[in-house]
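The residues of the chain are indexed from 1 along the displayed sequence.
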Amino acid sequence: MSALEELEQAVGQVAGQVGGAVVGIGRGWGRGSGVVVADGRIVTNAHNLRGDQVTVVFADGRAATGQVQGVDVDGDLAVVAVDTAGATPVSWADEGSSLAVGAVVFALANPGGRLRITAGMVSSVDRAFRGPRGRRIAGSIEHTAPLARGSSGGPVVNRAGQLVGLNTHRLGEGFYLALPADAELRRRIDGLARGESPTRPRLGVGIAPAGVARKLRRAVGLPEREGLLVRVVEEGSPAHAAGVEAGDLIVSVDGQPVTDADQLYAALDRVTGQRLALGIVRGVDERTVTVSFGPEAPRDVGSA
């Protein structure tokens with residue numbers, strides 16, 4: 001049997017084994033894809049959703065309305081409850097098994113209600129990328145299986161048709177990143193299915209990278225200073241209530257310097273009470289403002 005015949009056979013086997021579990025998210029061409037992981041439960045990317053309900057299109061063309069059970073926007077993962085009508089859930093790869101560079105994988109998607117399967121190989125492991133609202137997502141799998149628009153949230157499987165990843169982020173140049181289907185992903189899915197959506201304190205600001213801040217300060221004749229430039233402040237947010245303004249430079253959180261977005265997110269994740277001290281530079285003046293996270297303050301997953 002030639003290599004092409006072997007590939008054709010493998011694709012056919014994967015289609016028969018996994019295709020029924022792959023769904024489309026949204027009507028028409030759709031916003032993305034998803035995969036049935038249990039009776040009445042599908043998993044997809046959080047960025048594919050636009051509310052508490054979503055249209056789910058199955059491989060046989062049937063459409064049903066699903067109810068979002070849990071969302072982790074920062075981790076780009078969501079669980080939807082829907083009548084799967086007997087669709088066979090995807091099988092997970094054995095715990096402890098790991099993908100090595102060069103391993104053959106198959107990516108499946110269902111944009112617009114049409115099953116798509118492509119083949120590729122693992123090109124890198126333990127990659128990182130930014131989630132929908134800027135937080136760093138580490139540990140992803142990079143592969144070369146070509147994917148069309150609307151494929152995010154679909155499964156990546158091995159030659160045995162077992163789930164090894166969830167497509168999440170397109171790199172361009174023919175590469176895609178997938179969340180690894182490991183014990184941690186199972187734990188997160190189980191928590192979301194119970195309605196345990198992660199909540200994290202957030203300031204309610206949009207920030208520019210440190211390099212941009214340095215250039216802008218230099219352009220207006222201000223001394224260079226490491227920090228994060230506030231581009232916009234969300235009205236009614238904790239930062240807005242504390243008096244933070246667009247153009248401020250965030251230089252510290254609770255006395256600890258911050259020079260990049262990851263440090264800021266890490267500082268926010270360490271917040272255990274309802275207040276933090278934010279060091280800002282406005283023009284040439286440095287000051288500290290107190291940001292409060294009361295019961296009414298936004299603590300949903302989101303931008304900084």
Side-chain angles (χ1 to χ4, degrees), residues 14-15 18-19 21-37 41-51 53-59 63 66 68-80 82 89-90 92 99 105-125 127-158 163-182 184-185 188-189 192 197 301-302:
V14 168
V18 186
V22 184
V23 301
I25 302 297
R27 292 190 176 276
W29 187 249
R31 290 188 291 267
S33 299
V35 60
V36 179
V37 294
R41 181 185 302 171
I42 68 166
V43 173
T44 186
N45 290 142
H47 73 256
N48 290 332
L49 304 179
R50 300 293 186 275
Q53 292 186 329
V54 63
T55 299
V56 179
V57 182
F58 290 85
V68 177
Q69 291 183 299
V71 180
D72 180 358
V73 178
D74 281 339
D76 210 0
L77 188 68
V79 173
V80 177
V82 67
V90 67
W92 290 66
L99 285 178
V105 292
F106 300 89
L108 296 90
N110 190 353
R114 295 180 179 274
L115 181 65
R116 288 175 175 265
I117 305 177
T118 55
M121 65 176 59
V122 175
S123 49
S124 185
V125 295
R127 291 292 308 274
F129 63 96
R130 297 285 175 187
R133 293 181 178 173
R135 286 182 183 258
R136 190 170 182 267
I137 299 176
S140 63
I141 301 164
E142 180 188 290
H143 67 83
T144 62
L147 291 169
R149 182 176 63 87
S151 298
S152 62
V156 181
V157 301
N158 57 21
L163 184 68
V164 297
L166 192 74
N167 282 313
T168 303
H169 182 72
R170 185 189 305 278
L171 287 175
E173 302 296 330
F175 295 93
Y176 220 93
L177 294 179
L179 301 176
D182 53 14
E184 173 64 13
L185 187 66
R188 293 172 60 198
I189 290 172
L192 293 173
S197 297
V301 175

Does Leu163 have any side chain to side chain contact (heavy atoms under 4.5 Å, CB included) partners at least two apart in sequence or in another chain, and if so, which? Val90, Trp92, Pro155, Ala181
Is there a side-chain contact between [X] and [Y] (heavy atoms, below 4.5 Å)?
{"X": "Thr144", "Y": "Phe175", "value": "yes"}
{"X": "Thr168", "Y": "Phe129", "value": "yes"}
{"X": "Pro111", "Y": "Arg149", "value": "no"}
{"X": "Val164", "Y": "Pro180", "value": "no"}

Closer than 3.5 angstrom, by distance alone: can the side chain of Arg116 be matched with the main-chain N or O of Ala109 as a donor-acceptor pair? no
Distance only, no hydrogens: is a donor on one side chain within 3.5 Å (strictly under) of an acceptor on the other, for Asn45 and His169? no
My understanding is that only residues two or more places apart in sequence, or in another chain, count here; which of them pass side chain to side chain donor-acceptor pair (under 3.5 Å) with Ser123? Glu142
Evaluation steps, side-chain contact (heavy atoms from CB on, under 4.5 Å), between Val82 and Val54: CA-CA 9 Å; Val82 67; Val54 63; over 6 Å; no
To the nearest 0.5 Å, how far apart are OG in Ser152 and CG in Leu177? 12.5 Å
Could you measure the distance from the CG atom of Leu147 to the CD1 atom of Ile117? Nearest 0.5 Å is fine. 11.5 Å
What pair of heavy atoms forms the shortest contact from Asn110 to Val57, and how long is it? ND2-O, 3.4 Å
Could you point out which residue of Val22, Ile25, Val35, Val37 forms a side chain to side chain contact (heavy atoms under 4.5 Å, CB included) with Ile42? Ile25
